[in-house]
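Here's the structure, in structure tokens; my notes come after.
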Amino acid sequence: WPSTQTVSGVRGAVARQSIGTLEPMLEIPLSLMIYPRVCFECADLAPVYEASPAFFAADDDLVIALFLMFERLKGDESFYAPYLDMLPNPGGVGDWEPAEQLALQDRSLVGEARRRDPQMRRSYEQLSRLLQDHDPLAFPQELYSYDLFVWAWMTIQSRAFGRRLPWTALVPFADCLNHNNVPTKYDLFCNLSSPKSRSSIEHSKSPLPSAELVGEAAAQPEPPLASTVERFNTHIIAPERGSSDSEEDPETELEPAPLARDRTGQMFFRLFPSRDNSYNRGEEAFNSYGRRSNRFLLLEYGFCLPDNEWDTYDLCVQATKDIPNFTQVLQLLRLLSLGRFKIFKLNGRGLNHELLAYLRILYLPHDELEAVLAPHPLQPSPPTIQGHTAHAYTASLGAAASVDSPPVGATDAATESAATHADLEENDRLRNALEEASARREAVRRLSAAWRRPLSAKHERAALTHLLTLIDAEIAGQVTTLEDDQRLLSEAGLAPRMRAALLYRIGRKAILAKQVELIHRALDALSLTKQDDELHEA
């Protein structure tokens, strides 16, 4: 690294030698990483963190953002200057020009991107007030600006690790690998054999701002820059191979083999290919940011992947008055706590079963709806719970009060007898109502399970036809066709953002095309049935 001999032609990392599955691609000493404890131990910033623990306890990102701003302003005097200087300017689609955003052909994506700026600005204003209240001379607002905060915040959002670590952390060099949908894992590792040292990496997050890290192995002095660079070269550029005497169990993924090089207690961040992933010499080595859609990748990083298997398309479905039995369907949707409007995510791998279940509800036959709604009205008139009735209702719920105890205000035996009789009658009525409601919920539960599979060929055909109509309308509303975008993508000299916009559009339209193909395939299968019998067994 850096190399342009990569899949996409952009700066990335290439394997200098073959890297096997679960063999560390790189090792980064903990002393090079930026994480909360490093921030808290900064003498200039510690008083700020200590003065506002509630603010910084809300998010590790706020802790690290202030530290990054401080280090960036130090320039070459910062220990992290070599790392900070090599970072590209972070940014997502929210930084694009309006014309570039328009090329995405997705108003919702652009709207979400534009809403992010006010959110970041609110966080900055809170931080800025804290700094000004603490020491306006040490933290002048013209230097600790909004633009600097955005740089720090977006750097964290686009580069930090954290899911498998006790805290959010920036890991120099490990964050330079490009993203791809490949299996990778990372961990924090100490080679000492003592149980205390080995278990220390599993230490959970500590309350801010004290944040004890990971035991004695982490409590080591920060190395001078020269020795750090030497160690960086030693442990990252050409790592020694790990080895394991265990044979891989096809049903269980092995943990990476410990490296036998370092005996000092130094802790390392390790990144390695997992499952069936490995790299030959000269191939680009990737990290995986997770199962991310192109929408997420554009928002967070400003790029997207061709043929992204985790790409999605949001489809809004609504119950309209032209569907059969609309009033009863609407009652049932309310009973199931489902709205008239619902958004479902489509992908290129198959039909959305939750979406199909929703459409099956919209086209339920009249007799099916009656079976749920008619015997048990959706909104029975609630009883007026007052006086003696309140006493009976409390008793029916198993409260401490008893139906045999005198109601409030009773003064003689006749009143007490009448009240007790009324209480018992009301108690029975409410108990019956509760039993009926329970029976209705059980009926709905059984039918809810049934709606996850076809009821009949006729019913399924109606649901699929409705879905096909919705998707055809989405396709017809596109500014350009899938074929148009594919042709534009093949043109030479495309600007990077235009290329990203085309990849995004192509991915979304390919999902719609795949959905149409799958629906027609399902309709063809239904046409083979000779009669509209129930399809439960099929």
Side-chain angles (χ1 to χ4, degrees), residues 30-85 87 89-91 116-162 165-172 175 188 203-215 218-225 228 269:
L30 186 68
S31 55
L32 293 182
M33 294 166 54
I34 300 174
Y35 54 95
R37 178 173 175 173
V38 171
C39 306
F40 298 142
E41 292 181 348
C42 174
D44 295 284
L45 298 181
V48 180
Y49 294 127
E50 293 171 359
S52 305
F55 176 74
F56 291 105
D59 195 343
D60 283 356
D61 295 356
L62 293 169
V63 175
I64 298 175
L66 175 58
F67 183 81
L68 283 182
M69 296 169 74
F70 178 77
E71 292 295 324
R72 186 65 178 264
L73 290 172
K74 288 168 66 176
D76 292 341
E77 294 181 3
S78 170
F79 171 78
Y80 298 97
Y83 169 60
L84 300 180
D85 289 345
L87 294 179
N89 287 326
R116 290 190 164 199
D117 183 72
Q119 295 169 355
M120 281 193 293
R121 190 170 291 277
R122 284 193 293 270
S123 295
Y124 166 72
E125 290 172 353
Q126 288 180 280
L127 176 61
S128 182
R129 283 195 296 269
L130 292 178
L131 296 177
Q132 295 307 301
D133 291 344
H134 179 73
D135 190 344
L137 296 179
F139 303 100
Q141 198 165 19
E142 60 272 16
L143 294 181
Y144 287 82
S145 64
Y146 176 64
D147 288 343
L148 183 60
F149 175 79
V150 170
W151 167 83
W153 185 263
M154 293 304 298
T155 293
I156 297 166
Q157 305 312 308
S158 61
R159 309 188 76 84
F161 293 83
L165 300 179
W167 14 246
T168 301
L170 288 173
V171 187
D175 58 7
L188 192 61
H203 200 78
S204 60
K205 283 193 177 182
S206 302
L208 299 176
S210 57
E212 283 300 319
L213 182 59
V214 285
Q220 48 190 309
E222 190 176 81
L225 181 59
T228 298
F269 172 96

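Annotation: the span from L131 atom CG to M69 atom CE amounts to 7.0 Å, rounded to 0.5 Å. Distance check, rounded to the nearest 0.5 Å: CZ of F70 to SG of C42 gives 4.5 Å. Between the CG atom in L170 and the CD1 atom in I156 there is a gap of 6.0 Å [rounded to 0.5 Å]. Atom OG1 in T168 sits 12.0 Å away from atom CZ in F161 (nearest 0.5 Å). In this structure, CG in L68 is found 9.0 Å from OG in S78, a value given to the nearest 0.5 Å. Put simply, NZ on K74 and CG on D44 are 7.0 Å apart, with the number rounded to the nearest 0.5 Å.
Contact annotation: the side chain of L127 never approaches that of L62 to less than 4.5 Å [non-hydrogen atoms, C-beta and beyond]. A 4.5 Å side-chain heavy-atom check between V38 and Y80 finds at least one atom pair inside the cut-off. The closest side-chain heavy-atom distance from L130 to L66 is not below 4.5 Å. Side-chain contact between P90 and R159 is absent, with no heavy atoms from C-beta onward closer than 4.5 Å.
Between T155 and L87 the shortest heavy-atom distance is CG2-CD1, 3.9 Å. A pairwise comparison of heavy atoms in Q132 and P140 identifies NE2-C, 4.1 Å as the closest pair. Scanning both residues, L143 and L148, for their nearest heavy atoms gives O-CD2, 3.5 Å. Residues S123 and F55 approach most closely at O-CZ, 4.2 Å, considering heavy atoms. In plain terms, the two heavy atoms of P36 and I64 that are nearest each other are CD-CD1, 4.4 Å.
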Apply side chain to side chain contact (heavy atoms under 4.5 Å, CB included) to the pair V48 and D135, showing each step before the final yes or no.
CA-CA 9 Å; V48 180; D135 190 344; over 6 Å; no

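Residues satisfying the side chain to side chain contact (heavy atoms under 4.5 Å, CB included) criterion with Q157, sequence neighbours excluded, are D61, W153, E300. Residues satisfying the salt bridge (Lys or Arg N to Asp or Glu O under 4.0 Å) criterion with E125, sequence neighbours excluded, are absent altogether. In this view, Y124 and Y146, F149 satisfy the ring pair (Phe, Tyr, Trp, His ring centres under 6.0 Å) rule, not counting sequence neighbours. Not a single ring pair (Phe, Tyr, Trp, His ring centres under 6.0 Å) links W151 to another residue, sequence neighbours left out. Applying the salt bridge (Lys or Arg N to Asp or Glu O under 4.0 Å) rule to R72 yields no partners; only residues at least two apart in sequence or on another chain are considered. Residues passing the ring pair (Phe, Tyr, Trp, His ring centres under 6.0 Å) test with F139 are Y144, sequence neighbours excluded.
Between the side chain of Y49 and the backbone N or O of F56 there is no donor-acceptor pair closer than 3.5 Å.
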